Enquirer: 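Let me give you the structure first, and then I'll get to my questions.
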Amino acid sequence: MAQFMGNAALACLLIPLLLIAGKGIRRVVRVFDALYLPTAIIAGVLGLLLGPQVIGRFFPETSFLHHGVFPQAVFEIWSQMPKLLISVVFAGLFIGKPMPGLRAVWRMGGPQAMLGYTISLGQYAVGLAATILLLAPVFGINPLAGVLLEISLSGGHGTAAGLAPTFAELGFAEGQDLALGLATVGLVTGVVLGTAFVNYAVRSDRITIAREEPPEGDEGFELSALQDNENPQHKPAPSTTADPFSLHLGLVAVAIAIGYVLLKSLQFIEHHTWGAITGDLMGYVPLFPMAMIGGALLQAFLGATGFQPWVNRDLINRISGTALDFIIVSAMATLSLTSIGRNWQPFAILAVVGMAWTVFCFWALAPRMIPDRWFEKGIGDFGQGTGMAVSGLLLMRIADPENKSRALESFGYKQLPFEPFLGGGLVTALALPLCAQFGPLVMLALTGAGAVACAITGMLLFGKNRS
């Protein structure tokens, strides 16, 4: 037990050291800075290079370095970190954010929510279509690969890593490595393309954009520093008899506990009701989407009882941001290169198909679904649809540094109807077991119809010149 605790402590201490090294590399290799490549990604790749899959291959089995620079026990602990810490990230999504009225959510966040639904459901549809028509019959890949795009691109590294137990239970363990690889490709490609789109918009006479000059390379945006989409000012936490960070960590723990009770309750109800028909699908649902709902319920309680002023959103952001950095570094450092190498052709096809669909949604659908300032607001959905919400914030701030378009507020309202379901929500968590239970054809029909319905609804309700 003492040895395990020592290894766990070492594993936790090594991640900040890798992050420091990654930050230094980002500053020295200017192309990484110019491309806004996240420090956590650089640190994770560094951990991968120093591990058994890269540097360890150059040494014989009897060598001390056969398992890489770090002890093997460290990599074993890193491999377990993401599925534990992802609940911390999702539990903090709504804690400390005042809940607006339904009318405000619908008016400001509705257009972007519909665009987000279209992007995510369409990622399911195009991935499933590619898998059914090409990847499964030609390359023999597991049909569950069809749902990887939404998990990876809209969900990001945290969601992909958090679903590891579900991948394993459904007999598709390599799916997690493919999902993490797709998440990395999506995050990097999305930020690079998004920055290129901003440069094009500034120079175009056909697009009205708040920014008047092309972005400069020295603006220094960093993904890990963009954890919130509102309240940029940092208010001090209220003075208490306990450390404020500890108290806010306790709030996150309460949200996770509420989510755990909800999950177990739903599993119990399903087992004794509709489970006889559909099977026990809730047994495959991980804790993190329920922790997000637990956080929303906790926030509603805090607001109703007058405790809201005691919650400091900035501290919640720091907790979630630290957990997200740890997830990305540990997941990237333990990524199986063998799984990706064995399935590199389906991997490449899925990446191209997923990015093509998301680019199409931005250029073809966003102008028709967002009534005003479509570029500044739509670029946030593009970023979230290729990496995570923080990617969307980054691109919106590049497109509109002074928030003249109020895109940040609209993006924040969008998360309320979007996050509980897609991009890591319940639908994302249920996609794998639903596909395994009912088959990819049924999932293709449902998600394809959903994407079309959301696109049409968005254009009819929110399209240009509609109030």
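All residue numbers in this chain count up from 1 along the given sequence. These figures come from a predicted structure and were not determined experimentally.
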Enquirer: Taking the side chain from E376 and the backbone from A399, do they hold a donor-acceptor pair closer than 3.5 Å?
Expert: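 The answer is no, because no donor-acceptor pair under 3.5 Å joins these two groups.
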
Enquirer: Could you verify whether a donor N or O on one side chain and an acceptor N or O on the other, from T386 and T358, lie under 3.5 Å apart?
Expert: no

Enquirer: Would you check if the side chain of Q299 reaches a backbone N or O of G96 as a donor-acceptor pair within less than 3.5 Å?
Expert: yes

Enquirer: Give the intermediate values and the outcome of side-chain contact (heavy atoms from CB on, under 4.5 Å) for residues I15 and M81.
Expert: CA-CA 11 Å; I15 289 180; M81 269 189 183; 3.6 Å; yes

Enquirer: Take a 6.0 Å sphere around OH of Y260 and say whether it holds more than 12 heavy atoms from other residues, nucleotides or ligands.
Expert: no

Enquirer: Between S330 and I327, is there a donor-acceptor pair closer than 3.5 Å when you use the side chain of the first and the backbone of the second?
Expert: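 At least one qualifying donor-acceptor pair exists.
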
Enquirer: Check whether any side-chain N or O of Q415 sits under 3.5 Å from a backbone N or O of F411 as a donor-acceptor pair, and report yes or no.
Expert: yes

Enquirer: Which heavy-atom pair separates C361 from I119 by the least distance, and what is that distance?
Expert: CB-CG1, 3.6 Å

Enquirer: What are the two closest heavy atoms between G127 and L149, and how far apart are they?
Expert: CA-CD1, 3.7 Å

Enquirer: Would you find a donor on one side and an acceptor on the other, under 3.5 Å apart, between the side chain of T428 and the backbone of G423?
Expert: yes

Enquirer: Which heavy atom in A331 sits nearest to a heavy atom in A161, and how many Å separate them?
Expert: CB-CB, 4.2 Å

Enquirer: Would you please indicate yes or no on a ring centroid separation below 6.0 angstrom for W78 and F70?
Expert: yes

Enquirer: Can you tell me how far the CG atom of L395 sits from the CZ atom of R397, to the nearest 0.5 Å?
Expert: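 Between L395 CG and R397 CZ, I get 12.0 Å after rounding to 0.5 Å.
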
Enquirer: Give me the atom names and distance for the closest heavy-atom approach of I77 to A11.
Expert: CG2-CB, 3.8 Å

Enquirer: Look up atom CG in L432 and atom CG in L148, then write down how far apart they are to the nearest 0.5 Å.
Expert: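 One finds 7.0 Å between CG of L432 and CG of L148.
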
Enquirer: Dump the intermediate steps for side-chain hydrogen bond (donor to acceptor under 3.5 Å, both in side chains) on K414 and Q384, then the final yes or no.
Expert: CA-CA 11 Å; K414 169 211 171 177; Q384 187 170 17; 2.6 Å; yes

Enquirer: Is any side-chain heavy atom of L426 closer than 4.5 Å to a side-chain heavy atom of I293?
Expert: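 Yes, close enough: below the 4.5 Å cut-off.
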
Enquirer: So, D177 side chain and S336 main chain: donor-acceptor pair closer than 3.5 Å or not?
Expert: yes

Enquirer: Please determine whether side-chain contact (heavy atoms from CB on, under 4.5 Å) holds for the pair T457 and M369, giving the CA-CA distance in whole Å, both sets of side-chain angles, and the decisive distance to 0.1 Å.
Expert: CA-CA 9 Å; T457 301; M369 296 176 70; over 6 Å; no

Enquirer: So do the side chains of I141 and L178 get within less than 4.5 Å of each other, counting heavy atoms only?
Expert: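 I141 reaches L178 side chain to side chain.
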
Enquirer: Roughly how far, to the nearest 0.5 Å, is CD1 of I42 from CE of M332?
Expert: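 That separation rounds to 11.0 Å.
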
Enquirer: Does the side chain of F94 come within less than 4.5 Å of L298's, by heavy atoms?
Expert: no

Enquirer: Are the side chain of S79 and the backbone N or O of E76 linked by a donor-acceptor pair below 3.5 Å?
Expert: yes

Enquirer: Please check: side-chain N/O of T189 versus main-chain N/O of G186, any donor-acceptor pairing under 3.5 Å?
Expert: no

Enquirer: If I compare all heavy atoms of A291 with all of S87, which pair ends up nearest, and what's the gap?
Expert: CB-O, 3.9 Å

Enquirer: Do F197 and F382 make the cut of ring centroids closer than 6.0 angstrom?
Expert: yes

Enquirer: I want to check something: taking the side chain as every heavy atom from C-beta on, are L337 and V54 in contact at a cut-off of under 4.5 Å?
Expert: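 L337 reaches V54 side chain to side chain.
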
Enquirer: Rounded to the nearest 0.5 Å, how far does CG of L153 lie from OG of S120?
Expert: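 Here the rounded value is 9.0 Å.
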
Enquirer: Say whether, by atom type as modelled, one donor and one acceptor occur between the side chain of E174 and the main chain of F167 under 3.5 angstrom.
Expert: no

Enquirer: What about W357 and F362, are their ring centers closer than 6.0 Å?
Expert: no

Enquirer: Is the backbone N or O of L315 less than 3.5 Å from a side-chain atom of N312, with the two atoms forming a donor-acceptor pair by type?
Expert: yes

Enquirer: Is it the case that atom CH2 in W344 sees more than 12 heavy atoms from other parts of the structure closer than 6.0 Å?
Expert: no

Enquirer: Using the side-chain contact (heavy atoms from CB on, under 4.5 Å) rule, take L19 and K23 through it: C-alpha gap first, then chi angles, then the decisive distance, then the call.
Expert: CA-CA 6 Å; L19 286 167; K23 185 68 173 180; over 6 Å; no

Enquirer: Is there side-chain contact between I132 and P143, with at least one heavy-atom pair below 4.5 Å?
Expert: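 A side-chain contact under 4.5 Å is absent here.
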
Enquirer: I'd like to check F90 versus S320 (side-chain heavy atoms, cut-off strictly below 4.5 Å). Are they in contact?
Expert: no

Enquirer: So do the side chains of T131 and L144 get within less than 4.5 Å of each other, counting heavy atoms only?
Expert: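 Side chain of T131 against side chain of L144, heavy atoms only: no contact under 4.5 Å found.
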
Enquirer: How close do A255 and A91 get, heavy atom to heavy atom, and via which atoms?
Expert: CB-CB, 3.9 Å

Enquirer: Could you state the interatomic distance from CD (Q267) to CG (L262), rounded to the nearest 0.5 Å?
Expert: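 Between atom CD of Q267 and atom CG of L262 there are 11.0 Å.
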
Enquirer: Is any NZ, NE, NH1 or NH2 atom of the basic residue among D372 and K377 found under 4.0 Å from an Asp or Glu carboxylate oxygen of the other?
Expert: yes

Enquirer: After noting the C-alpha distance and the side-chain angles of H157 and I41, does the key distance pass the side-chain contact (heavy atoms from CB on, under 4.5 Å) rule?
Expert: CA-CA 10 Å; H157 289 83; I41 294 289; 3.6 Å; yes

Enquirer: Please examine the side chains of L461 and W106, heavy atoms only from C-beta on, and report whether any two atoms are closer than 4.5 Å.
Expert: yes

Enquirer: Drop me the distance from L365's CG to L115's CG, to the nearest 0.5 angstrom.
Expert: 7.0 Å

